[in-house]
Amino acid sequence: MSGDHAHNDSQIESGSRVNDSHKHKDKHKDKEYRHKDHKKEKEREKSKYSNSEHKDLLEKKHRDKEKVRQKDGADRHKDKEKRKEEKMRSFDGKPKKEKENGFARSLLSSLSKCCHVVCFRGVLRPVPRVKSEPDNDGFYHSPKHERSLKRERDDDDSEFMPKKIKIENDKKVKKRKPEEEEDIKPKKKRKDKKGDVADGKKKAKKEPEEKWKWWEEERATDGSKWRFLEHKGPVFAPPYEPLSSKVKFYYDGKPFKLSEKAEEVATFFAKMLDHEYTTKDIFRKNFFKDWRKEMTSEEKGKLTDLNKCDFSELNEYFKAQSEARKQMSKEEKLKIKEENERLLQEYGFCLMDNHKERIANFRIEPPGLFRGRGDHPKMGMLKRRIRPEDIIINCSKDSKHPKPPPGTKWKEVRHDNKVTWLVSWTENIQGSIKYIMLNPSSRIKGEKDWQKYETARRLKKCVGRIRAQYREDWKSKEMRIRQRSVALYFIDKLALRAGNEKEEGETADTVGCCSLRVEHIKLSPEKDGQEFVVEFDFLGKDSIRYYNKVPVEKRVFKNLQLFMENKQPEDDLFDRLNTSILNKHLQELMDGLTAKVFRTYNASITLQQQLKELTTPEENIPAKILSYNRANRAVAILCNHQRAPPKTFEKSMQNLQTKIDAKKDQLFDAKRELKSAKADAKVRRDEKSKKAVEAKKKAVQRIEEQLMKLEVQATDREENKQIALGTSKLNYLDPRISVTWCKKWSVPIEKIYNKTQREKFAWAIDMADDDYEF
DNA sequence: CGCCTGACTTAGTATTTAATGA
DNA sequence: TCATTAAATACTAAGTCAGGCG
């Protein structure tokens, strides 16, 4: 409980997503500075290729990708140059950061009520850090030689795994190791394939069957992800259904009949009318531009001003429709449900290596208007409808290939077992590829997940050494090394993301560690009674604000001053560093180490420590769960996982309070009754009255328990107002820690993980004992 | 070697479903 | 039994990172 817990307060207190900073950055203004600038040159070169329309792009088929990219790229660069020019002229460009959705508000109060949450950092990082972690990993194994082709093998965690697990693990190691066995395996697999297929059929009929424990089987070592893959392809978005002519769109006050294509796009906008998106300039501009591309030339001529477009009737129509859907009779609802179920059964599963596996997203994303997060330059653009001709299918050669809808064909069918996706297509907003992949409960995802935690556990063994080294590097005479070491310190201490550079004008302006700019930190030699305080304030992933005041070591502070010398606010803080340099360095420190492993490691180790610290043996189960949630919360705060407070938050708190009050009254009454029963028993001294007393006692107890439960719930909810636990639970916390905790304290696992989560973490639930240690 | 891109993980929010209570 | 509210799930954007290519 020392030191910097106050900063966590502030971090949360002010967290918010900033949407409309009209900030203007031109980070590459003064060239000389850095070596990140050749980009520029390239861009300029490329922009020569620039050309006009990019409508036809969408239509084009082959070698399309190249082309799209190039054209887009060209446009992009033009834009960029233009902006730059603008910038030169008007020099205001100061960042305007504002809290938009009033994220935090009363957080401080609620959080400070609970010191556990805010104090975790002291616990997490005792000052003499170097010593605080085990450090028994040979640093100097030559990466070149020792690194096997297959990395991430948990060679020797056996010493970390007591008894039973150790056995399991040995098995695991043995199984996974031998490459020679590779020849044998396929045969073996192939053999039981038939049997298994039959099995699969059975399974489909009568659900039960014991679950497949893939974690007890060996993994492929040749980089292949599967041997057999069969699926039914994607489910396409339903075709557009034109509006009835009764529902009218108006232009300039007069009804206007839109062509089908234009109407469809109009409905996208109409459906969002209540959303504040539609009031934003960029959104409107992008929408209108793309909408016009869908119009007939006649429409184009007439509809020239979005402000004269009246979508309100369409909007009301859709609202009424969704209302009607809610009011549907039970039978109708059931019918829809059954239809969905049928679709799920048909398309929601695939057959991968003899096992029926659930697909995560078997539906193709329907067309609509792009909703970027934060201040996204492309918000409002039309996300076009995906057709079979856009789709690449991936499956086994010898499988039954999915059929394209009648009269259409796939763009391509390939058989690449080095990847895990079943279907892919190129999306038109960023030109990136989208995939259909398997559910987190699948073997292919589970293995990877498990592996991720094993890598983090390997980091645990050598983190001491790595920390010692980066501290040493703060003194390096080489700038790049100093920058690298300070960045790594932030990544480790603050769980920052790596921070890849992003293309300006393509996405919202967000940063991570390596891409921090001078304007994102403020140095104070002394602040609030602490020395060498760094104040972070930037937008991270999803434009979630990261705000934190952290005291750092003097050397770090001095280095930061050095890095900031002679720089403009919009210049990179770490001008000699990027994620690829950093990760290459990390790779040398430990096989499989990358920046994000630190997040996983610090998250999991924090959970483990917090659980140890917060759990009180004699507490009842609800209180234990509160402790768990608090430990989880500590991690969420560390990782800056925020959420918008639920719209009905205040009300639901009130409701809960009402319940609590009612329960208190009830308790009061029950106690009074108990008293009188006791008095009664004293007088009467018969069995019956004694029993009555007992009964009353029980009632009081029960009510007390209920009250307690409610109060705990209230605390939990209040503390959780704008903190999202889900992300860390799902992605950062080694599930075995939670499972072990549950076993140790006899908390039913269902209290911690819901059904989906239990499916995802089946491997952990099965293999973790009550003495697992991360 | 830097850049680009493909593949995959991580992320918050919108929508749907289930649970609760009037 | 219906309406609310909470929890679960669906959705898809936005990151990370490695490998290939010019």
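Residue numbering restarts at 1 for every chain, and letters A, B, ... go by the order of the sequence lines.
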(message) If you assign Lys584(A) and Tyr435(A) each to the DNA chain B nucleotide with the nearest heavy atom, which residue ends up on the more 5' nucleotide?
(response) Lys584(A)

(request) Select from Arg599(A) and Lys225(A) the residue whose nearest nucleotide in DNA chain B is closer to the 5' end of that strand. (result) Lys225(A)

Roughly, in whole Å, what's the span from [atom1] in [X] to [atom2] in [N]?
X	N	atom1	atom2	answer
Met437(A)	dA10(C)	CE	C1'	17 Å
Asn754(A)	dA10(C)	CG	C1'	14 Å
Lys448(A)	dT10(B)	NZ	C1'	13 Å
Asn640(A)	dG12(B)	CG	P	8 Å
Tyr732(A)	dT10(B)	OH	P	6 Å
Tyr453(A)	dT10(B)	OH	C1'	11 Å
Asp542(A)	dC11(C)	CG	C1'	13 Å
Glu506(A)	dA14(C)	CD	C1'	14 Å

Hey, does [X] reach any base, or is it just sugar-phosphate, or nothing, if we go heavy atoms under 4.0 Å?
X	result
Gly372(A)	sugar-phosphate
Gly726(A)	nothing
Thr420(A)	sugar-phosphate
Ala595(A)	sugar-phosphate

(request) Report yes or no: is there a donor-acceptor pair, N or O only, under 3.5 Å between the side chain of Lys541(A) and the base of dT10(B)? (result) yes

(request) Please confirm whether the backbone N or O of Met437(A) pairs with a side-chain atom of Asn361(A), one donor and one acceptor, at under 3.5 Å? (result) yes

